Q: 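This is the structure I want to talk about, given as structure tokens.
Small disclaimer: the values here were computed from a predicted structure and weren't measured.
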Amino acid sequence: METAAQKKARIKYDKENTVQVHLKLNVHTDSEIIDFLNTLPPELGGKQGFIKRLIRDYIHQTESGDLS
């Protein structure tokens with residue numbers, strides 16, 4: 001359990017250093033995405049790590065001209 005001081009420090013850190021991006025998925029039309037994300041093994045970094053890796057790979061491909 002975090003103390004009040006730890007909570008205050010975490011909130012301050014998050015406010016100064018992080019941004020949250022929310023992804024809304026429809027359970028009917030996006031079910032394959034939901035199922036895939038829910039079965040990601042930990043070594044892939046979980047949902048957040050996997051999505052960040054996909055984005056970074058895409059950025060790298062576009063910067064190097066590898067995209068068709």
Side-chain angles (χ1 to χ4, degrees):
M1 187 97 189
E2 70 183 351
T3 66
Q6 289 171 324
K7 182 178 179 180
K8 183 178 177 182
R10 179 183 47 79
I11 291 170
K12 181 179 184 294
Y13 176 87
D14 285 347
K15 185 176 181 179
E16 294 173 355
N17 298 287
T18 66
V19 172
Q20 288 193 24
V21 177
H22 298 267
L23 178 65
K24 185 176 181 178
L25 300 172
N26 184 293
V27 296
H28 303 290
T29 59
D30 299 321
S31 60
E32 76 284 4
I33 296 170
I34 296 166
D35 292 342
F36 177 81
L37 290 173
N38 285 333
T39 59
L40 284 172
E43 57 269 16
L44 291 180
K47 295 176 184 102
Q48 177 176 295
F50 184 77
I51 292 168
K52 286 164 64 172
R53 181 177 303 148
L54 286 176
I55 294 168
R56 286 187 176 114
D57 287 349
Y58 181 84
I59 291 168
H60 176 72
Q61 289 174 355
T62 55
E63 289 175 347
S64 63
D66 290 341
L67 276 181
S68 317

Q: How long is the span from the CD atom in Gln61 to the CZ atom in Arg56, to the nearest 0.5 Å?
A: 14.5 Å
Q: When clusters are formed by joining ILVMFWY residues with side-chain heavy atoms under 4.5 Å apart, either directly or through shared neighbours, do Leu23 and Tyr58 land in the same one?
A: no
Q: Nearest 0.5 Å, please: how far is CG in Leu25 from CG in Asp35?
A: 11.0 Å
Q: With side-chain contact (heavy atoms from CB on, under 4.5 Å) as the test, would you mind laying out the steps for Lys47 and Asn38 before giving the verdict?
A: CA-CA 8 Å; Lys47 295 176 184 102; Asn38 285 333; 3.3 Å; yes
Q: Is there a side-chain contact between Lys24 and Asp30 (heavy atoms, below 4.5 Å)?
A: no
Q: How long is the span from the OG1 atom in Thr39 to the CD1 atom in Ile34, to the nearest 0.5 Å?
A: 12.0 Å
Q: Looking only at heavy atoms, what is the nearest atom pair of Gln6 and Thr3, with distance?
A: OE1-N, 2.7 Å
Q: Check for a donor-acceptor pair, side chain of Asn26 on one end and backbone N or O of Thr29 on the other, with a separation under 3.5 Å.
A: yes
Q: For the atom pair CG (Leu44) and CG (Leu37), what is the distance rounded to the nearest 0.5 Å?
A: 11.0 Å
